[in-house]
Amino acid sequence: MSENQSIKPVTTEEKNNLIIGGCDLADLAEKYGTPLYVIDEATVRGICRSYQDAFSEYPNIRMMYACKALCTSAIIRILDEEGFGFDVVSAGEIYTVYNSGVDMEKVLFNGNNKSKREIELALDYGVGRFSVDNFYEAELLNSVASAKNKQADVLLRITPGIECHTHDYIKTGQTDSKFGFDLSQIDDIVNLIKNDYKNLNLRGLHAHIGSQIFETQCYYDEVEILVKEIARIKDVHGISLNEMNIGGGLGVKYTEADNPPPVSVLARAVTSAMHKYAIDIPIIYIEPGRSVISTAGVTLYTVGSSKVVPGGKKYVALDGGMADNPRPSMYQAKYTAEVVNKLNNKEPEKVTLAGRYCESGDILIEDAELSGLEPGDIICVYNTGAYNYSMASNYNRVEKPAMVLVNNSHSDIIVYRETLDDLISKDCIPDRLKKND
Ligand SMILES: *Cc1c(COP(=O)(O)O)cnc(C)c1O
């Protein structure tokens with residue numbers, strides 16, 4: 001079983017209280033306060049090794065962590081130690097990765113609307129690859145690189161006509177997507193790079209077919225399309241491309257209803273398609289985000305008020321919600337929770353876990369089965385490592401939570417809790433509005 005197939009971090013134990021990374025979660029809640037993001041280091045390192053092992057038979061594989069899932073300096077350090085490169089989408093992610101001491105040659109800059117400033121920063125920091133998304137950007141990147149007298153190594157982001165998500169897999173001739181070149185535009189962009197854009201070196205193709213994917217057939221089909229396109233470009237343009245980026249997207253298990261495949265099955269789909277269709281063996285980049293970090297993370301909340309509405313439905317309010325985890329309110333994402341300090345209580349009741357934010361839609365989990373909740377109990381919501389902190393906001397002017405890393409019964413803070421002064425630190429009052437007293 002690989003780590004993405006578990007709802008809980010691999011070190012989760014049930015004693016009197018729930019334990020992760022050898023740390024009692026009730027103690028962590030007491031020491032650091034709630035809401036609190038907790039990341040289990042063993043689970044992160046475990047899934048990294050699952051990826052490395054699964055692809056070890058393929059000689060030219062490069063793992064690139066998709067930073068948008070969770071980008072903090074300590075997380076970047078762990079993934080760097082595990083041999084991952086980084087897929088970044090903004091100046092902020094580039095800056096975080098750079099300041100964490102990463103060899104910038106291992107970084108790939110993605111995105112459908114990179115600004116001139118971000119491109120300049122990426123070139124100055126020596127980012128290894130640019131995934132060029134559209135005609136406008138190709139011209140902009142070439143001109144910025146030319147002004148700096150630099151060469152940019154590029155992949156072309158293409159839309160292969162495959163879209164694969166948890167419950168649907170769509171194959172169409174053309175795709176309606178804001179990302180990338182569709183197959184009919186490839187010859188034009190290749191000609192422009194060949195003839196006009198002297199500061200771009202075309203290295204390969206890049207695609208990304210979706211997120212929270214449970215089906216590996218779509219990866220097989222994606223590789224086939226990319227390999228055939230590389231062969232066609234060689235035929236038509238005489239250019240040999242030696243790199244292929246197949247994107248990320250492997251799913252995780254948020255609830256018992258989710259059954260993501262292990263990394264080994266994904267690897268088999270990719271490598272078997274390579275062996276069937278490829279003549280040369282290009283470098284393959286794979287860019288997982290969610291599957292690398294989601295399972296390692298949990299969020300702790302403290303139970304507060306509750307109410308029973310006519311008809312009997314019970315709402316229990318937590319001290320966090322849509323600002324620290326926007327996924328349920330944004331796309332009806334489902335989660336699993338447990339009561340940290342009531343593992344032995346065998347009489348669960350059905351409750352709806354509500355957030356503390358001023359929106360009726362701020363519900364974290366509908367119909368959770370939890371034991372005798374009382375104010376002060378600590379709730380652990382599983383699988384919050386990805387797309388929680390990275391999508392968090394200060395809605396209702398609430399401070400963002402702290403994040404701790406747990407390992408071998410030890411906890412370290414890796415993101416400080418925001419303070420009230422942090423919240424007003426970027427405000428300023430024009431002189432004419434200042435209160436003189
Ligand atoms: C979001 C994204 C990823 C990571 O997707 P996950 O579903 O988190 O694995 C990888 N590549 C690209 C281009 C992306 O946009």
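Counting from 1, the numbers follow the sequence of the chain as shown. Atoms within each ligand, like the ligands themselves, are counted from 1 in listed order. Worth knowing before you read on, the calculation uses all heavy atoms, side chains too, and leaves out hydrogens, waters and symmetry mates.
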ask   = Where does Ala66 meet ligand 1, judged by heavy-atom distances below 4.0 Å: at the side chain, the backbone, both, or neither?
value =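 Contact part for Ala66 vs ligand 1: side chain (C-beta onward).
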inquiry  = Heavy atoms only, cut-off 4.0 Å: how does Val89 contact ligand 1, side chain, backbone, both, or neither?
reply    =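 Contact part for Val89 vs ligand 1: neither.
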ask   = Given Ser291, Ala69, Gly249, which has its nearest heavy atom closest to atom 9 (O) of ligand 1?
value =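 That would be Gly249.
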message = Going by the closest heavy atom to atom 8 (O) of ligand 1, which one wins out of Phe179, Tyr285, Tyr387?
response =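 The residue whose heavy atom sits nearest atom 8 (O) of ligand 1 is Tyr387.
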Does an N or O anywhere in [X] fall below 3.5 Å from an N or O of ligand 1?
X: Glu287; answer: yes
X: Gly289; answer: yes
X: Ser211; answer: yes
X: Lys68; answer: yes

Under 4.0 Å from any heavy atom of [X], which atoms of ligand 1 are there?
X: Pro288; answer: 9 (O)
X: Arg157; answer: 13 (C)
X: Arg290; answer: 6 (P), 8 (O), 9 (O)
X: Asp87; answer: 10 (C), 11 (N), 12 (C)

query = Which protein heavy atom lies closest to atom 5 (O) of ligand 1, and at what distance to 0.1 Å?
reply =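 Ranked first by proximity to atom 5 (O) of ligand 1 is His208 CE1, 3.5 Å.
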Indicate whether the side chain of [X] and that of [Y] have a donor and an acceptor atom separated by less than 3.5 Å.
X: Asn17; Y: Asn341; answer: no
X: Asp187; Y: His237; answer: yes
X: Glu359; Y: Tyr395; answer: yes
X: Asp362; Y: Ser329; answer: no
X: Thr295; Y: Ser6; answer: no
X: Thr384; Y: Asn325; answer: no
X: Asp133; Y: Asn112; answer: no
X: Asp324; Y: Tyr301; answer: yes

message = Tell me whether Met64 reaches ligand 1 (any heavy atom closer than 4.0 angstrom to a ligand atom).
response = no
request  = Decide if the gap between the ring center of Tyr125 and the ring center of Tyr98 is smaller than 6.0 angstrom.
outcome  =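 Yes, ring centres under 6.0 Å apart.
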